Structure formats: C-alpha cells, structure tokens
Amino acid sequence: MNWVPDFYTKQSLWAGTLEGDVEESHRQTAAQIEELAGSGTKRILELGAGGGQVAAAMADLGHDVVAVELVPLRLQKAALLAQTQRNGALTFIAGDFYEVDLDGRFDVVCYWDGFGIGADADQRRLLRRIASEWLTAEGCALIDVATPWYPAAVAGRGWAVGEAEREYGFDGDGCRWLDRWWPKGKPEEAVEQSTRCYSPADLRLLLESTGLTLQHVKPGGVMDWSAGKWLPAVPIGRAMSYVAKLGRT
C-alpha cells in the first residue's frame with residue numbers, strides 16, 4: 001500500500017477537495033450517526049479523515065470526535081477546522097490506523113470512502129483492531145463499503161475533475177475498483193487507487209473471526225450518467241456503496 005500517500009496527496013491537490021469549510025454533503029454523512037447509531041452525545045473515532053470536513057460536521061452535532069489521517073497535506077488542512085469553535089470536541093491525530101495508539105474506547109468508529117485498500121487480510125486486521133481495541137461493548141462501527149457491480153458497470157468512464165482527468169476501471173479477477181487520476185494532458189503522470197469491493201454477502205464472510213458482525217446495511221446512492229445527476233438513495237443492487245453497521249460479537 002505504498003501508493004496511498006502519493007495518490008491521496010495528488011488527488012487532493014488536483015481536485016481541490018481540501019479547500020473550504022463543511023458543506024451540506026459532509027453534514028448528511030455525519031447525520032447518519034443519529035440514524036444508525038442512535039441519538040445522544042457519543043465519543044467517535046473517524047479513520048481516514050481526509051480534509052476533516054466530516055469530522056467537523058460530527059463535532060458540530062455535539063459529538064466528541066477523534067480523527068486519524070495519514071497524509072500530511074490532508075492533516076494540515078483538517079487541523080484548520082479544529083481551530084473553529086464546535087459544539088463538541090474535535091481532535092486530529094497524524095498516523096497510520098493500522099499502527100496508531102489511541103486512548104480509550106469509542107461509541108462509534110467510522111470509516112467513510114476508503115475501506116478496501118489493501119488485501120482481505122488488511123481489512124481483517126483493521127476490523128480486529130476496531131473490535132478488540134477501540135469499540136465499546138455496546139458501540140457500533142459505520143463503514144462505507146464499495147459494491148462490485150457499480151465499478152464493473154462504469155469501467156472505462158472518464159471525466160474532468162478540477163485540474164485533473166479521471167477514469168474508472170475494474171479488476172474483475174481481484175474484484176477491485178480502479179480509480180486513475182492524472183493532470184490534464186499528462187496521462188504519463190497518472191496515479192491510481194485500488195479498492196477491494198464487497199457485496200454484503202462477501203462482507204459477512206470477511207467478518208468471520210474478526211469479533212464483529214453485520215447488523216444492518218444501508219444502501220447509498222448512484223450516479224445516473226444519462227441524466228447527469230446523483231440519485232441519493234437506490235436499492236442495494238444498484239448502489240455505488242453502502243454503509244455497513246457492525247457490532248461486537
């Protein structure tokens with residue numbers, strides 16, 4: 001997974017996704033906590049915080065949020081959000097969440113838009129850390145999981161994003177979503193993300209012996225390319241991803 005820091009640094013710079021404060025899309029993601037984890041103030045761990053906007057949105061809801069981010073550029077931008085007064089505490093920690101040491105346990109562990117990096121063994125290693133080290137006995141993990149059918153359907157589709165061009169691919173043998181980015185007119189400088197995709201049935205198999213079970217599946221949305229619009233909620237068989245609610249066994 002040596003490609004991870006370089007990919008996310010360049011993607012963030014080219015797309016301009018680190019700029020700005022919390023937007024409505026970030027607040028919608030944060031709102032899923034009350035929907036899936038229940039009401040009340042919670043201690044939340046976010047893995048892979050990116051630019052920190054979702055963590056800030058969770059803190060704005062009054063939660064005590066600890067967010068871990070590996071990429072220095074992203075962490076630098078995220079730290080600026082922690083300087084604004086929030087309804088709840090907001091702390092960003094630099095580190096690799098496979099190795100980072102954290103104090104205490106959390107009512108909710110979140111991982112948005114990133115699960116699937118590495119091999120199945122890497123996902124299991126992370127899931128075991130969530131169950132054994134971070135999650136309270138009654139807590140839950142909310143993990144955004146990519147489906148295999150969406151990237152298989154859109155492989156080869158490309159478009160411009162900010163200062164970059166982007167193209168989707170799909171590795172059918174490895175069941176991996178490939179997301180290739182390069183500066184406009186410079187495909188030789190491309191970087192690529194590779195994400196393992198899991199159907200809910202695949203995820204249940206992955207969870208065996210991790211200390212976690214799948215409690216609920218909430219389908220996400222899908223891009224309607226013919227109409228040029230985002231459909232925020234569709235059946236699981238069409239969805240680009242879903243939020244898996246996991247609990248300790």
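Owing to the predicted nature of the structure, the values given are computational and were not obtained by experimental measurement. Along the sequence shown, residues are numbered consecutively beginning with 1. Computed from heavy atoms alone, side chains included, the values below leave out hydrogens, waters and symmetry copies.
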For residues 189-196, which side-chain N or O atoms pair as donor and acceptor with protein atoms under 3.5 Å away, sequence neighbours left out?
unit_1	atom_1	unit_2	atom_2	d
Gln193	NE2	Tyr8	OH	2.4
Ser194	OG	Arg176	NE	2.6
Arg196	NE	Asp120	OD1	3.1

Next on the checklist: Do Asp64 and Lys42 have side chains that approach each other closer than 4.5 Å (heavy atoms only, starting at C-beta)?
Outcome noted: no
Checklist entry - Is there side-chain contact between Asp202 and Pro200, with at least one heavy-atom pair below 4.5 Å? => result no
Validation: residues 209-217 side-chain donor-acceptor distances under 3.5 Å, sequence neighbours left out:
unit_1	atom_1	unit_2	atom_2	d
Thr210	OG1	Leu207	O	2.6
Thr210	OG1	Leu212	N	3.3

Checklist entry - Only one of Ile130, Thr136, Val66 clears side-chain contact (heavy atoms from CB on, under 4.5 Å) with Val109; which? => result Ile130
Next on the checklist: If only side-chain N and O atoms count, and only distance matters, is there a donor-acceptor pair under 3.5 Å linking Asp6 with Thr9?
Outcome noted: no
Next on the checklist: Cation-pi check for Tyr168 against Arg157: NZ or CZ below 6.0 Å from the six-membered ring centre and within 45 degrees of the axis, yes or no?
Outcome noted: no
Next on the checklist: Using a strict threshold of under 4.0 Å (side-chain N to carboxylate O), is an ion pair present between Arg166 and Asp179?
Outcome noted: yes
Item to check | N/O donor-acceptor pair under 3.5 Å between Trp149 side chain and Ala239 backbone | outcome: yes
Checklist entry - Hey, is the main chain of Gly185 close enough, under 3.5 Å, to the side chain of Glu165 for a donor-acceptor pair? => result yes
Next on the checklist: When you measure from the side chain of His26 to the backbone of Gln53, do you find a donor-acceptor pair of N or O atoms at a distance under 3.5 Å?
Outcome noted: no
Checklist entry - Does the Lys218 side chain pair with the main chain of Val243, one donor and one acceptor, at a distance under 3.5 Å? => result no
Checklist entry - Taking the side chain from Arg180 and the backbone from Gly158, do they hold a donor-acceptor pair closer than 3.5 Å? => result no
Checklist entry - Are Trp112 and Leu36 connected in a single hydrophobic cluster, I mean Ile/Leu/Val/Met/Phe/Trp/Tyr linked by side-chain heavy atoms less than 4.5 Å apart? => result yes
Item to check | Mutual orientation of the aromatic rings belonging to Phe115 and Tyr198 [parallel < 30°, tilted 30-60°, perpendicular > 60°] | outcome: tilted
Item to check | Asp144 (side chain) donor-acceptor with Asp113 (main chain) under 3.5 angstrom | outcome: yes
Checklist entry - With a 4.5 Å heavy-atom cut-off, do Leu126 and Phe97 have their side chains touching? => result yes
Checklist outcome for this item: Here the gap from Trp159 atom CH2 to Met223 atom CE, rounded to the nearest 0.5 Å, amounts to 8.5 Å
Item to check | salt bridge (Lys or Arg N to Asp or Glu O under 4.0 Å) partners of residues 81-103, not counting sequence neighbours, each pair once | outcome: Asp21-Arg86, Asp60-Arg86
Checklist entry - Any sub-3.5 Å donor-acceptor pair from Glu69's side-chain atoms to Val71's backbone N or O? => result yes
Next on the checklist: Rounded at 0.5 Å granularity, tell me how far OH in Tyr242 sits from CD1 in Ile236.
Outcome noted: 6.5 Å
Item to check | Neighbour count above 12 (heavy atom, 6.0 Å) for Glu188 CD | outcome: yes
Checklist outcome for this item: Separation between CG (Leu75) and CZ (Phe92), nearest 0.5 Å, reads 8.0 Å
Checklist entry - Cys197 and Phe170: which non-hydrogen atoms are nearest, and at how many Å? => result SG-CE1, 4.4 Å
Next on the checklist: What's the separation between atom CD in Glu133 and atom CG in Leu102, rounded to the nearest 0.5 Å?
Outcome noted: 8.5 Å
Next on the checklist: Counting only heavy atoms from other residues, nucleotides and ligands, does the tally under 6.0 Å from CD of Glu35 exceed 12?
Outcome noted: yes
Checklist entry - Can you tell me if Tyr150 uses its side chain to pair, donor with acceptor, with the backbone of Gly237 under 3.5 Å? => result no
